[in-house]
There are 2 protein chains.
Amino acid sequence: MDTLLKAIADTKRRDIIRLIWARELPAAEIAEYFPDVTRSAISQHLSVLRKNGVIHERREGTRRFYSVNRGEIVKLRAFLDSFWSDSLERLRDLAEVSEQQQGAS
Amino acid sequence: MDTLLKAIADTKRRDIIRLIWARELPAAEIAEYFPDVTRSAISQHLSVLRKNGVIHERREGTRRFYSVNRGEIVKLRAFLDSFWSDSLERLRDLAEVSEQQQGAS
DNA sequence: GTTTTACGTTAGCATATCCTTACGTTAGAG
DNA sequence: CTCTAACGTAAGGATATGCTAACGTAAAAC
C-alpha cells in the first residue's frame with residue numbers, strides 16, 4: 001500500500017493518470033504532454049504505475065497503449081475511505097465511552 | 001500536495017495518525033507503540049507530519065502533545081475526491097461527445 | 001535483409017528518505 | 001546551581017527516487 005500511495009504522490013504520475021483516464025494513449029503521445037523531461041523519464045513513470053497495478057498496457061505493433069486500471073483506483077479509494085472512517089469510528093467509540101462515563105458519574 | 005501525500009504514504013506515519021486521531025499523546029507515549037525503531041526516528045516522523053500540517057503540537061512543560069489537524073485531513077480528502085471526480089467528469093463529458101457523435105452519424 | 005519506429009532498459013549521477021548514534025535544549029526537581 | 005526528564009536536531013550511512021544519456025529490442029516499412 002505504501003508503494004501504491006507513493007505512486008500517486010507525484011504530480012507527473014497523477015497527470016499521467018488524468019491523461020489516460022478516459023481513453024488509452026500510446027507512450028509517445030503521453031510523453032508529448034511533458035516537454036520538460038525526456039521520453040525515458042515518462043517510460044519509467046509508466047513502469048512505476050504499471051508495477052503498482054494503476055495502469056494497464058496493451059501492445060499493438062510497436063506501440064504500447066496505456067489506460068487506467070479502474071479496479072486498482074477503486075481499491076485505493078476504499079483503503080483511504082476505511083482509513084478515515086476507521087479513525088472516525090474510533091472517535092465515535094470514544095465519544096460513547098465518554099457519554100457512559102458522564103452517565104455513571 | 002506531493003509532500004502531503006508522501007507524508008501519509010508511510011505505514012508508520014499512518015499508524016501515528018491513527019494513534020492520535022481521537023486523543024492527543026506526548027511524543028514518548030507515541031514512540032512506545034513502535035518498539036522496532038528509536039525514539040529519534042519517531043521524532044523525525046512527527047516532524048514530517050507537522051511540517052505538512054497533518055498534526056498539531058501543544059507544549060506543556062518538557063512534554064509535547066501531538067494531535068491530528070483534522071482540517072488538513074479534510075483538505076487532503078477534498079483534493080483526492082476532486083481528483084477522482086474530475087477524472088470521472090471528464091469521462092462523462094467524453095461519453096456525451098460520443099453520444100452526440102453517434103446521434104450525428 | 002536492412003532500416004525505421006516506438007518503445008523499454010541500463011548505467012550513472014544528484015538528491016531525498018529512513019534510520020541510528022551522538023549531541024543540544026528547555027522545563028522542572030532537588 | 002546542578003541534575004534529570006522529555007524532547008528535538010545534526011551527522012552520517014544505506015537505500016530509494018527521478019532524471020539524462022546511451023544502449024537494446026521487437027514490429028513494421030522498404
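FYI, side chains are in, hydrogens and waters are out, and symmetry mates aren't considered; it's all heavy atoms of this structure. Throughout, protein chains are lettered first and strands after them, A, B, ... in sequence-line order, and every chain is numbered starting at 1.
Positionally, the nearest nucleotide of DNA chain D for B:Arg64 lies more toward the 5' end than for the other of B:Arg64 and A:Ala9. In terms of position on DNA chain C, the residue among B:Arg39 and A:Pro26 whose nearest nucleotide sits closer to the 5' end is A:Pro26. Annotation: of the two residues near DNA chain D, A:Ser40 and B:Gln44, the 5′-most nearest-nucleotide partner is B:Gln44.
Side-chain atoms of A:Asn52 do not come within 3.5 Å of backbone N or O of A:Ala7 as any donor-acceptor pair. Side-chain N or O atoms of A:Asn69 include none that pairs as donor or acceptor with a backbone N or O of A:Val54 at under 3.5 Å.
Contact annotation for B:Tyr66: backbone-only contact, meaning every heavy-atom pair under 4.0 Å involves sugar-phosphate atoms and none involves a base. Contacts of A:Phe65 with the nucleic acid, taken as non-hydrogen atoms under 4.0 Å apart, are absent. Using a 4.0 Å heavy-atom criterion, one finds that A:Ala41 contacts the bases of the nucleic acid, with or without backbone contacts as well. Among the protein residues, A:Asp2 comes within range of no part of the nucleic acid, since none of its heavy atoms lies under 4.0 Å from any strand.
By the rule that hydrophobic residues join a cluster once side-chain heavy atoms approach within less than 4.5 Å of another member, A:Ile55 and A:Val74 end up as members of separate clusters.
Atom NE2 in B:His56 sits 13.0 Å away from atom CZ in B:Arg70 (nearest 0.5 Å). Taking CH2 of A:Trp84 as the reference point, atom CZ of A:Phe79 lies at 9.0 Å (rounded to 0.5 Å).
With a heavy-atom cut-off of 4.0 Å to chain B, the contacted part of DNA chain C has its first and last nucleotide at C:dC18 to C:dG28. Contact footprint of chain B on DNA chain D: nucleotides with an atom under 4.0 Å from a non-hydrogen protein atom, first to last in 5' to 3' order, D:dA6 to D:dA10.
Only B:His45, B:Gly61, B:Thr62, listed by number, bring a heavy atom of residues 45-62 of chain B to less than 4.0 angstrom from any atom of DNA chain C.
Across all non-hydrogen atoms, the minimal contact from B:Lys6 to B:Arg13 is O-NH2, 3.2 Å.
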